[in-house]
Amino acid sequence: QVQLVESGGGLVQPGGSLRLSCEASGVNLRLYGIGWFRQAPGKQREGISCISSSDNSTYYADSVKGRFTISRDNAKNAAYLQMNSLEPEDTGVYYCAADYFFGTVDSICRSTRGKDYWGQGTQVTVSS
């Protein structure tokens, strides 16, 4: 049984930091591109940061560029999202997704369709 489990969410003040983790079981995550997606209240789920399986190339949405850093540790079968300088607009449920067939790394983030596996999500709330 394949599972992706996100953790590390919580309540943080503006300007604060969080590190999200996505841990996989039942699947070799090194074979998959990984995407972090965010769903803000009342909005569609959007890809904010993705990393390829081949060369660890990365993609960031403009809204998080320079503040968020995606990484992966294939030995731990996990991926991470370091989020700094958090803003209230970063509030939402954060999901990780695994994508086996993809073209360029940005294609992982540009659609929620065609992903092989999703985690259950972790809530991030940025508020004073």
Side-chain angles (χ1 to χ4, degrees):
Q1 182 181 359
V2 176
Q3 275 193 311
L4 299 183
V5 179
E6 300 96 336
S7 61
L11 173 64
V12 63
Q13 292 187 338
S17 298
L18 286 173
R19 186 184 189 230
L20 305 184
S21 299
C22 173
E23 297 179 328
S25 60
V27 63
N28 189 348
L29 210 56
R30 72 171 62 234
L31 301 177
Y32 292 78
I34 301 298
W36 283 98
F37 291 75
R38 174 173 69 198
Q39 188 160 19
K43 295 188 177 180
Q44 290 188 332
R45 195 174 299 186
E46 61 171 344
I48 57 171
S49 185
C50 294
I51 187 167
S52 73
S53 56
S54 55
D55 59 2
N56 284 345
S57 56
T58 57
Y59 165 85
Y60 297 94
D62 288 343
S63 59
V64 306
K65 199 173 295 183
R67 301 187 297 123
F68 291 10
T69 303
I70 190 172
S71 61
R72 64 191 303 159
D73 186 336
N74 290 334
K76 294 184 177 180
N77 216 25
Y80 307 96
L81 186 68
Q82 177 67 44
M83 305 188 297
N84 299 329
S85 302
L86 283 161
E87 304 168 351
E89 293 74 22
D90 295 316
T91 294
V93 180
Y94 284 68
Y95 301 87
C96 65
D99 192 339
Y100 189 80
F101 291 109
F102 61 94
T104 55
V105 64
D106 61 291
S107 68
I108 304 172
C109 270
R110 296 201 187 281
S111 175
T112 59
R113 299 175 64 182
K115 301 299 179 280
D116 296 277
Y117 306 107
W118 287 92
Q120 83 289 347
T122 186
Q123 176 71 44
V124 171
T125 302
V126 185
S127 175
S128 55

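Side-chain atoms are counted along with the backbone in the values below, which use heavy atoms only and exclude waters and symmetry mates. Bear in mind that the values here come from a model prediction, so they are computed numbers and not experimental data.
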Give me the atom names and distance for the closest heavy-atom approach of [X] to [Y].
X: Ala79; Y: Trp36; result: O-CZ2, 4.0 Å
X: Cys109; Y: Ser49; result: SG-C, 3.3 Å
X: Ser128; Y: Pro14; result: N-CD, 3.7 Å
X: Gly35; Y: Cys50; result: CA-SG, 3.5 Å
X: Asp99; Y: Gly114; result: OD1-O, 3.9 Å

Hey, can you tell me if Phe68 and Tyr94 have their rings parallel, tilted or perpendicular (30° and 60° cut-offs)?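 Tilted, since the angle between the ring planes falls between 30° and 60°.
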Within one Ile-Leu-Val-Met-Phe-Trp-Tyr cluster: [X] and [Y], side-chain cutoff 4.5 Å:
X: Val5; Y: Val2; answer: no
X: Ile34; Y: Leu31; answer: yes
X: Val105; Y: Ile48; answer: no
X: Tyr117; Y: Tyr95; answer: no

Test side-chain contact (heavy atoms from CB on, under 4.5 Å) applied to Gln120 and Glu6, step by step: CA-CA 7 Å; Gln120 83 289 347; Glu6 300 96 336; 2.9 Å; yes
Measure the spacing between [atom1] of [X] and [atom2] of [Y] and express it to the nearest 0.5 Å.
X: Phe102; Y: Ser53; atom1: CZ; atom2: OG; value: 3.5 Å
X: Asp116; Y: Phe101; atom1: CG; atom2: CZ; value: 7.5 Å
X: Arg110; Y: Thr104; atom1: CZ; atom2: OG1; value: 7.5 Å
X: Ile51; Y: Ser57; atom1: CD1; atom2: OG; value: 7.5 Å
X: Thr122; Y: Leu81; atom1: OG1; atom2: CG; value: 11.0 Å
X: Asn77; Y: Cys22; atom1: CG; atom2: SG; value: 9.0 Å

Step-by-step side-chain contact (heavy atoms from CB on, under 4.5 Å) determination, Asp90 to Met83: CA-CA 9 Å; Asp90 295 316; Met83 305 188 297; over 6 Å; no
Within the structure provided, determine whether Leu4 and Leu29 are in side-chain contact (heavy-atom separation under 4.5 Å).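 Yes, close enough: below the 4.5 Å cut-off.
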Would you say Val124 and Leu20 make side-chain contact, with heavy atoms under 4.5 Å?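 With C-beta onward as the side chain, the pair touches.
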Please check if the side chain of [X] supplies one atom and the backbone of [Y] the other of a donor-acceptor pair under 3.5 Å.
X: Lys115; Y: Ile108; value: yes
X: Arg72; Y: Gly33; value: no
X: Arg38; Y: Gly92; value: no

CA sep, side-chain torsions, deciding dist, call: Gln123, Thr91, side-chain contact (heavy atoms from CB on, under 4.5 Å): CA-CA 8 Å; Gln123 176 71 44; Thr91 294; 4.1 Å; yes
Stepwise, does the side-chain contact (heavy atoms from CB on, under 4.5 Å) test hold for Phe37 with Val93? CA-CA 8 Å; Phe37 291 75; Val93 180; over 6 Å; no
